[in-house]
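Reviewing the structure listed below.
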Protein chains: 2
Amino acid sequence: MGITKTAIFTDQDNSLAAIAKALAHPARIAILKHLIKQDSCICGDLVLEIGLAQSTISQHLSVLKQTGLIKGNISGTSVCYCIDTEAWQQANQTFAGLFAAGIPTSNDCC
Amino acid sequence: MGITKTAIFTDQDNSLAAIAKALAHPARIAILKHLIKQDSCICGDLVLEIGLAQSTISQHLSVLKQTGLIKGNISGTSVCYCIDTEAWQQANQTFAGLFAAGIPTSNDCC
DNA sequence: ATCTTTTATCGTAATATTGCAATATATTAA
DNA sequence: TTAATATATTGCAATATTACGATAAAAGAT
């Protein structure tokens, strides 16, 4: 159906999947890395930096903003984006929790 | 177009996005957690554990296997799946690297 | 007020994902 | 061999995603 049955999963699992989904595109990874690198925020330089159309970059930014990983301030005609530190650290914790729990003693299957 | 322009991104970004994509569904998160919890491997119990059709679970397992996060051994009529420890630790490192680099000094945008 | 710049949104097309039923395949049990 | 069990694959249908061009909206410059 192309639609995920969110109701049958835990909130935690849905939430983790949602964050992963936001990270599940190289353009969004590139955007986040660029925001991290610059520390101070950039705006439409991303369009030049990454080779995608302006509308496409805008869409990716929208996805990241909706997930809460980034936030944007209007400054003049341009918009200044940056990592939302709190959400970022929370995402870090969430993934760390998943991975930390998941290192079994042996690597043998049955 | 529905198709990602992988060519314009770095291998690292594509790889990170690919792992994130594998984690970007609650069913797959639930499967991984179950595999972690059981340590010893399970097979079609997942169909009962998670409320999805057998064919759907099989597809999700296929996605996880293709990404390399899990592996499966045939044991009788059933197949025994488990986390691929090495790939799992590598994925852990990859995400940790992204998040660790990304905690800026201030949370102010511009 | 008009023009320019920057970003967001809309419309559209191509492709991907999710999910299930039905079927195929493979192995064990009888 | 035949039946039963477990998993994979195939064939749909519904929805989501990716991408772009065109257009709208908002703020600053002339």
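Proteins come first, then strands; the chains are lettered A, B, ... in the order of their sequence lines, and each starts at number 1.
- Between A/T85 and A/Q89 the shortest side-chain heavy-atom distance falls below 4.5 Å.
- Whole-Å rounding puts the A/Q59 CD to C/dG11 P distance at 13 Å.
- By the 30° and 60° cut-offs, the orientation of the rings of A/F9 relative to B/H25 is perpendicular.
- The residue among A/K21 and A/V47 whose nearest nucleotide of DNA chain C is located toward the 5' end is A/V47.
- Close to D/dA8, at under 4.0 Å from its OP1 or OP2, lies a side-chain N or O of B/Y81.
- To the nearest angstrom, P of D/dA19 lies 9 Å from CZ of A/R28.
- When the side-chain nitrogen and oxygen atoms of B/H60 are compared with OP1 and OP2 of C/dT17, none of them lie within a distance under 4.0 Å.
- Residue-level contact check: B/L52 touches the backbone only, with heavy atoms under 4.0 Å from sugar-phosphate atoms and none from bases.
- For the pair B/I57 CD1 and D/dA8 P, the interatomic distance rounds to 11 Å; values are reported in whole Å.
- With C/dC20, D/dA19, D/dC20 as the choices, the nucleotide that has an atom nearest any side-chain atom of A/A53 turns out to be D/dC20.
- Position along DNA chain D of the nearest nucleotide to A/V63 versus A/G76 favours A/V63 as the more 5'-ward residue.
- Within the 4.0 Å cut-off from OP1 or OP2 of D/dT18, not a single side-chain nitrogen or oxygen of A/T56 is found.
- With rounding to whole Å, B/I50 atom CD1 is found 16 Å from C/dC20 atom C1'.
- In this structure, B/S78 reaches the sugar-phosphate backbone alone: every heavy-atom distance under 4.0 Å involves primed, P, OP1 or OP2 atoms, never a base.
- Dashed line: the shortest gap from a side-chain N or O of A/S58 to OP1 or OP2 of C/dA8 is under 4.0 Å.
- In this structure, A/L46 atom CG and D/dA19 atom P are separated by 14 Å, rounded to whole Å.
- What you find for B/G68 and B/D84 is that their closest heavy atoms are O-CB, 3.4 Å.
- One donor-acceptor pair, N or O on each side, does fall under 3.5 Å between the base of D/dG21 and the side chain of A/S55.
- As a whole-Å value, the separation of B/D45 CG from D/dA6 C1' is 11 Å.
- Across the protein-nucleic acid pair, B/I74 atom CD1 and C/dT28 atom P stand 10 Å apart, rounded to whole Å.
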Practice problem: Carefully, step by step, assess A/L61 and A/V79 under the rule side-chain contact (heavy atoms from CB on, under 4.5 Å). | Solution: CA-CA 11 Å; A/L61 285 167; A/V79 175; over 6 Å; no
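- A donor-acceptor contact under 3.5 angstrom links the side-chain atoms of A/Q54 to the base of C/dA8.
- Proximity note for A/T77 (side chain, C-beta onward) versus D/dT5, C/dG19, C/dT6: the nearest is C/dT6.
- Rounded to a whole Å, the CD atom of B/Q66 is 10 Å from the P atom of C/dT17.
- Between B/F95 and A/F95, the ring-plane angle classifies as parallel under the 30° and 60° cut-offs.
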